[in-house]
**Q** 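My questions will all concern the structure given below.
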Protein chains: 2
Amino acid sequence: MPHQKLDYAAKIRECGCRLTPQRELILDAVCEGGGHTTVDEIFARVRARSKAVNLATVYRTLDFLCDMGLVVCAEIDGHRVFEIASARPHHHLVCQACGRVERLDHEMFQTLFNQIERQRGFKVEMKHLVLFGLCQDCRNRED
Amino acid sequence: MPHQKLDYAAKIRECGCRLTPQRELILDAVCEGGGHTTVDEIFARVRARSKAVNLATVYRTLDFLCDMGLVVCAEIDGHRVFEIASARPHHHLVCQACGRVERLDHEMFQTLFNQIERQRGFKVEMKHLVLFGLCQDCRNRED
DNA sequence: ATTACTGCAAAGGATTTGCATGTGA
DNA sequence: TCACATGCAAATCCTTTGCAGTAAT
């Protein structure tokens, strides 16, 4: 039920911006990624559908979509990764051994963030964190 | 009482590596930063003392010091930042409005990380997180 | 005396920018 | 129509690398 294309279209036009085929293609490409998607992957996916889209446009559009709040960006190992901003904020656990990515609900973090707010007066605004570590399987394998 | 230069020297030599003037200068420069320091800042600080040190050496040395565990590295807003690895792991709160950086003890995080480990079997290995948000002062100012 | 480390310069990759053209509203 | 968005190519920024020379142990 969430995240219809119409939502995006409306949100974009709301602020006087335009809905171009490029923006739709790039938004789709980020969606298809499921989880984290790099600029390269997005560009490749877009190019598979239309040779005419330029890499600079991908960069500019991703910036734009982040500003609009439709896409979120994180940094993993020095590389930017993108993901559709979901209604339910969440975070990721990335295994340093096998690279697997697990999703983690925001709830637990919110508890911590509230605690920080009470103790320090600092309001944390992180919709998307990436935590590195070792997944269950790799921990077993290491023993 | 911790982190004497001798500690560093010993740790470095322990593994057959060498303690060079460059490495000392760069380590000092990271120390002087107090909190997060960018490559540029480190390079500038080093150059203020010795014109002969090369930027490539700074990069190589920072890599080396991170591998040795003497320095930790984080990513803020697409830029790498470095800090002396302290005995007591901690994190940072960065205000998106004024840029102020506050230190946050690891304790609260450990509770969360333990919870994640129990629930998901995933062992988080983050010694150093950067959380963005709004500090007390800026929140008051915004109202 | 080794061989790790450094300086230098050049290469590399990712991202941004200027400008003329195209196109959605 | 007309400002916003795009394509193209060049520029820029940050970081890494190859290699010959230097210096720590």
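Order of the sequence lines fixes the chain letters, A, B, ..., with proteins taken first and strands second; residue numbering starts at 1 for each chain. Hydrogens, waters and symmetry mates play no part in the numbers below; they use all other heavy atoms, side chains included.
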**Q** Looking at C/dC5, I'd like to know if its phosphate oxygens (OP1 or OP2) sit under 4.0 Å from a side-chain N or O belonging to B/Thr61.
**A**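 Indeed not, no polar side-chain atom of B/Thr61 lies that close.
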**Q** So which of B/His36, B/His128, B/Glu41, B/His92 actually passes side-chain contact (heavy atoms from CB on, under 4.5 Å) with B/Val81?
**A**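 Per the side-chain contact (heavy atoms from CB on, under 4.5 Å) rule, the option paired with B/Val81 is B/His36, out of B/His36, B/His128, B/Glu41, B/His92.
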**Q** Considering only D/dT6, C/dA14, D/dA9, which nucleotide approaches the side chain of A/Tyr59 most closely?
**A**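 Minimum distance to the A/Tyr59 side chain belongs to C/dA14.
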**Q** Atom CG of A/Leu27 and atom C1' of D/dA5: how far apart are they, to the nearest Å?
**A** 16 Å
**Q** When all nucleic acid strands are considered with a 4.0 Å heavy-atom cut-off, which category describes A/Arg13: base, sugar-phosphate, or nothing?
**A** sugar-phosphate
**Q** Take atom CG of A/Leu62 and atom C1' of C/dT16, then tell me their distance rounded to the nearest Å.
**A** 14 Å
**Q** From the list C/dT6, D/dT15, C/dC8, which nucleotide is the closest neighbour of the side chain of B/Arg80?
**A**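 The listed nucleotide nearest to B/Arg80's side chain is D/dT15.
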**Q** Tell me the interatomic distance from A/Ile42, atom CD1, to C/dA14, atom P, rounded to whole angstroms.
**A**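 That distance rounds to 14 Å.
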**Q** Give a yes or no on whether A/Gln119 atom CD has more than 12 heavy-atom contacts from other residues, nucleotides or ligands under 6.0 Å away.
**A**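 Result for CD/A/Gln119: enclosed.
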**Q** Would you call A/Lys127 and A/Glu83 a salt bridge, using N to O less than 4.0 angstrom?
**A** no
**Q** For the pair A/Arg23 (side chain) and A/Thr61 (backbone), establish whether a donor and an acceptor sit closer than 3.5 Å, ignoring hydrogens and angles.
**A**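 No.
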**Q** Would you find a donor on one side and an acceptor on the other, under 3.5 Å apart, between the side chain of A/His91 and the backbone of A/Leu129?
**A**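 Yes.
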**Q** CG of A/Leu19 versus P of D/dA3: gap in Å, rounded?
**A** 21 Å
**Q** Give A/Ala52 one of three labels, base, sugar-phosphate or nothing, depending on what nucleic acid heavy atoms sit under 4.0 Å from its own.
**A**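 It contacts sugar-phosphate atoms only.
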**Q** In whole angstrom, what separates B/Phe64's CZ from D/dT16's C1'?
**A** 18 Å
**Q** Which residue, A/Arg23 or B/His79, contacts DNA chain D at a nucleotide closer to its 5' end, judged by nearest heavy atom?
**A**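 Checking each residue's closest nucleotide, the 5'-ward one belongs to A/Arg23.
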**Q** If you only use heavy atoms from C-beta on, which nucleotide in C/dG7, C/dT16, D/dC4 is closest to the side chain of A/Arg18?
**A**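 Nucleotide nearest to A/Arg18's side chain: D/dC4.
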**Q** Identify, between A/Asp40 and A/Asn54, the residue whose nearest nucleotide on DNA chain C lies closer to the 5' end.
**A** A/Asp40
**Q** For B/Lys51 and C/dG7, give me the distance from atom NZ to atom P, rounded to whole Å.
**A** 14 Å
**Q** Verify the contact: side-chain N or O of B/Gln22 to OP1 or OP2 of D/dA24, cut-off strictly under 4.0 Å; return yes or no.
**A** no
**Q** Which part of the nucleic acid does B/Arg60 contact within heavy-atom distance under 4.0 Å: base, sugar-phosphate only, or nothing?
**A**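 B/Arg60: base contact, heavy atoms under 4.0 Å.
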**Q** Rounded to the nearest angstrom, tell me the gap between atom CG in A/Leu55 and atom C1' in C/dT15.
**A** 8 Å
**Q** Starting the side chain at C-beta, find the nucleotide from D/dC8, D/dT16, D/dA24 nearest to B/Thr20.
**A**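 Looking only at side-chain atoms, B/Thr20 lies closest to D/dA24.
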**Q** Rounded to the Å, how far apart are B/Asp63 CG and C/dA4 C1'?
**A**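 Checked: the CG to C1' distance equals 16 Å.
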